[in-house]
Amino acid sequence: MDNILVTGGCGFIGSNFIIHYLKNNLDSAIVNLDALTYAGTIDNLSELKNNDRYTFIEGDICDRDLIEKIFHQYNIKNVIHLAAESHVDNSIANPDAFMQTNILGTFNLLDVAKNYWMISPGVYKEDYKNSRFHHVSTDEVYGTLGEEGLFHETTAYAPNSPYSASKASSDFIVRSYHHTYGMNVVTTNCSNNYGPKQHDEKLIPVIIRKALAGEEIPIYGNGKNIRDWLYVLDHCKGIELAFKKGITGETYNIGGRNERTNIYIAEKICEFLDHEIPCESGKSYKDQISYVTDRAGHDYRYAIDASKIENELGWIADENFESGIELTINWYLNKYRNILSN
Ligand code: NAD
């Protein structure tokens, strides 16, 4: 059975992806390499405890000796690379870890994979002739949009935060390994994900948690910033499709065609909670929304044109924001039930 190395599998998207992929691909095994930073937890994968097609290794993608050991020990045939420092606010306060993990970590993985799979530029060892490196990236590499327009695969990169600059750098390194060494790579750039298992620090979990705790729900600036929201399972299906069917060297944008302002999201969640768990005071959770000082360099709008992956690979988002958010809130209501019982 071929082993796929998935990095960052204990995080939000990685854990959803591994569970989805193993369920859908009974002939595959996954080795999950994750450093278990504050953002990752093995609890996200507790349902795989007794799955003999799943192996967890705690370790850092910047540790080259470890990566070489993993490739040899598990005869890694493919890589799906998700490990990253991913929170923009943290990248503003502490950019160092973003440069290390997102840039140098990606380089390490690519370079070890190249040496393990290839003989010389353009020439793969027979056993690895179908081996692929799939890089998971973000739409934030394209910078920000005004009221109009969409990010296409051909849009020029213009990253604005240390996070997006580090991801843009990693995309370029991946691209260079295709053009220089003929490596079989595919990159997917996706929009904002939401769904079960996202870290408590991200917008949607924060809104739900603060609402339930009776605390102020902080919304940056005037709440008018727009993101294109993608349900995490739809993203996982897109990664799987591009990994299996994408054309080598190509990039695919994955987005939900679900542009929503931050204030719309906060109000939508409050309305749902008002209906499901009305406040004893009779007030709406919306009364807890509070505008706070805007994030430095806050990009105004992101929106993706997903027609390439839709038309060429047949991807389609199964959820729109209104259906996906209900699934998501119900999952968090279970997670935060301790808040509710206080
Ligand atoms: P996350 O922060 O939830 O998870 C990241 C995981 O990587 C964690 O489990 C963490 O422990 C691990 N990790 C961090 N540094 C590591 C290192 N040096 N070595 C090994 N493991 C390390 O992130 P996520 O939201 O699941 O994002 C996954 C990928 O998708 C990232 O590459 C991110 O840039 C990209 N992405 C995310 C979104 C989104 O909305 N969440 C949108 C577009 C792209």
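In listed order, ligands and their atoms are each counted from 1.
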Strictly under 4.0 Å, does any heavy atom of [X] approach an atom of ligand 1?
{"X": "H199", "answer": "no"}
{"X": "L82", "answer": "yes"}
{"X": "C190", "answer": "yes"}
{"X": "S15", "answer": "no"}

Classify the side-chain pair [X]/[Y] by whether it contains a donor and acceptor separated by less than 3.5 Å.
{"X": "S170", "Y": "H135", "value": "yes"}
{"X": "S191", "Y": "D139", "value": "no"}
{"X": "Y128", "Y": "N75", "value": "yes"}
{"X": "N193", "Y": "N16", "value": "no"}
{"X": "D60", "Y": "Q100", "value": "no"}
{"X": "S284", "Y": "D287", "value": "no"}
{"X": "Y291", "Y": "N222", "value": "no"}

* After noting the C-alpha distance and the side-chain angles of D274 and K286, does the key distance pass the salt bridge (charged side-chain N to carboxylate O under 4.0 Å, His left out) rule? -> CA-CA 9 Å; D274 284 341; K286 286 183 192 171; 5.9 Å; no
* Asked: Which class fits the ring pair F151 and Y302: parallel under 30°, tilted 30 to 60°, perpendicular over 60°?
  -> tilted
* Min side-chain heavy-atom separation C10-N44 under 4.5 Å -> no
* Asked: Does H134 reach the side chain of N78, with side-chain heavy atoms less than 4.5 Å apart?
  -> no
* Report the part of A97 (side chain from C-beta onward, or backbone N, CA, C, O) that has a heavy atom under 4.0 Å from ligand 1; answer both or neither where that applies. => neither
* Structure fact -> The answer for which part of Y163 has a heavy atom under 4.0 Å from ligand 1 is side chain
For [atom], find the nearest protein heavy atom and state the residue, atom name and distance (0.1 Å precision).
{"atom": "atom 32 (O) of ligand 1", "answer": "K167 NZ, 2.7 Å"}
{"atom": "atom 42 (C) of ligand 1", "answer": "S191 O, 3.4 Å"}
{"atom": "atom 44 (C) of ligand 1", "answer": "S137 O, 3.2 Å"}
{"atom": "atom 19 (N) of ligand 1", "answer": "I61 N, 3.0 Å"}
{"atom": "atom 40 (O) of ligand 1", "answer": "N193 N, 2.8 Å"}
{"atom": "atom 17 (C) of ligand 1", "answer": "D60 OD1, 3.6 Å"}
{"atom": "atom 4 (O) of ligand 1", "answer": "G11 CA, 3.4 Å"}
{"atom": "atom 21 (N) of ligand 1", "answer": "A35 N, 3.0 Å"}

* Asked: Under 3.5 Å between some N or O of ligand 1 and some N or O of D34?
  -> yes
* Asked: Do ligand 1 and A83 have nitrogen or oxygen atoms that lie under 3.5 Å from each other?
  -> no
* Asked: Under the 3.5 angstrom rule, does the side chain of T180 hit a backbone N or O of S176 as a donor-acceptor pair?
  -> yes
Hey, which atoms in ligand 1 end up nearer than 4.0 Å to a heavy atom of [X]?
{"X": "T37", "result": "10 (C), 11 (O), 14 (C), 15 (N)"}
{"X": "N192", "result": "40 (O)"}
{"X": "G59", "result": "19 (N), 20 (C)"}
{"X": "V136", "result": "30 (O), 32 (O)"}
{"X": "G40", "result": "8 (C), 9 (O), 11 (O)"}
{"X": "A39", "result": "2 (O)"}

* Centre of Y124's six-membered ring, under 6.0 Å away, within 45 degrees of the axis: is that where NZ or CZ of K129 sits? -> no
* Asked: Is the NZ or CZ atom of K125 positioned over Y116's six-membered ring, under 6.0 angstrom from the centre and within 45° of the axis?
  -> yes
As a check for students: among [options], identify the option with a heavy atom nearest to [atom].
{"atom": "atom 37 (C) of ligand 1", "options": "I13, L230, I67", "value": "I13"}
{"atom": "atom 5 (C) of ligand 1", "options": "S166, A84, S86", "value": "A84"}
{"atom": "atom 15 (N) of ligand 1", "options": "T138, T101, L36", "value": "T101"}

* **Derivation and outcome, salt bridge (charged side-chain N to carboxylate O under 4.0 Å, His left out), residues E322 and R260** => CA-CA 10 Å; E322 287 63 32; R260 303 286 184 277; 2.9 Å; yes
